[in-house]
Amino acid sequence: MCVLVFGTFDGLHPGHLFFLQSAKACGTKLVVALARDHHVKLFKHKEPQHKQDERMSAVQSLSYVDEVILSDDQPGVFHVIDLIRPDIIVLGYDQNELFQVLSEWLQLHHRVIPIIRIKKQPIA
């Protein structure tokens with residue numbers, strides 16, 4: 001079962017690792033659609049600390065990540081879904097805006113793919 005996640009992953013931290021491990025536990029293959037540098041500027045209103053190639057390498061180096069691709073060039077477009085053909089999409093607890101846009105896109109394009117939300121990492 002293929003799992004697709006979306007994210008910036010600018011400086012991997014324990015919350016990112018928890019999210020990615022939790023997403024992998026939902027299936028057998030984990031594909032990460034990494035936000036492009038210009039998306040980071042657009043949505044987070046700042047330059048990424050690490051360029052997209054560096055972020056891709058860092059995420060790909062994790063043993064439980066099977067594939068890393070760049071997200072679509074245009075925000076709000078999800079052709080990566082047609083490319084990857086995931087069985088489920090996993091989003092983080094704080095990806096509310098993405099959840100809305102993605103849900104609308106799936107409905108508009110007549111795609112039925114479950115979206116699972118991962119809760120925030122418990123405090124140790």
Next item on the list: Considering only NZ, NE, NH1 and NH2 on the basic side and carboxylate oxygens on the acidic side, decide whether D82 and R111 come within less than 4.0 Å.
Entry: yes
Check: Excluding sequence neighbours, so at least two apart, what forms side-chain contact (heavy atoms from CB on, under 4.5 Å) with S22?
Finding: F18, I118
Next item on the list: Could you tell me which residues satisfy side-chain contact (heavy atoms from CB on, under 4.5 Å) with P75, sequence neighbours excluded, listed by chain and number?
Entry: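 In terms of side-chain contact (heavy atoms from CB on, under 4.5 Å), with neighbours along the sequence ignored, P75 is linked to H39, L42, F43.
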Close side-chain approach of [X] to [Y], heavy-atom, < 4.5 Å:
{"X": "L20", "Y": "L62", "value": "yes"}
{"X": "R55", "Y": "Q52", "value": "yes"}
{"X": "P114", "Y": "I89", "value": "no"}

For residues 90-99, which side-chain donor-acceptor pairs fall under 3.5 Å, sequence neighbours excluded?
{"unit_1": "Q95", "atom_1": "OE1", "unit_2": "G92", "atom_2": "N", "d": "2.6"}
{"unit_1": "Q95", "atom_1": "NE2", "unit_2": "F6", "atom_2": "O", "d": "2.8"}
{"unit_1": "N96", "atom_1": "OD1", "unit_2": "R117", "atom_2": "NH2", "d": "2.7"}

Checklist line | H16: partners by ring pair (Phe, Tyr, Trp, His ring centres under 6.0 Å), with sequence neighbours left out | finding: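 Only F9, H13 meet the ring pair (Phe, Tyr, Trp, His ring centres under 6.0 Å) criterion with H16.
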[X] side, atom [atom1]; [Y] side, atom [atom2] - distance, nearest 0.5 Å:
{"X": "I84", "Y": "I113", "atom1": "CD1", "atom2": "CD1", "answer": "11.0 Å"}
{"X": "L12", "Y": "L17", "atom1": "CG", "atom2": "CG", "answer": "6.0 Å"}
{"X": "Q60", "Y": "L34", "atom1": "CD", "atom2": "CG", "answer": "10.5 Å"}

Item checked: Shortest non-hydrogen contact from V101 toward G76 ->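 Of all heavy-atom pairs spanning V101 and G76, the closest is CG1-CA, 3.9 Å.
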Note to self: Restricting to salt bridge (charged side-chain N to carboxylate O under 4.0 Å, His left out), what partner residues turn up for K51, sequence neighbours left out?
What the structure shows: none
Next item on the list: Name all pairs fulfilling the salt bridge (charged side-chain N to carboxylate O under 4.0 Å, His left out) condition that reach into residues 17-29, sequence neighbours left out, sorted by first residue then second.
Entry: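 Salt bridge (charged side-chain N to carboxylate O under 4.0 Å, His left out) check on residues 17-29 returns K24-D66, K29-E67.
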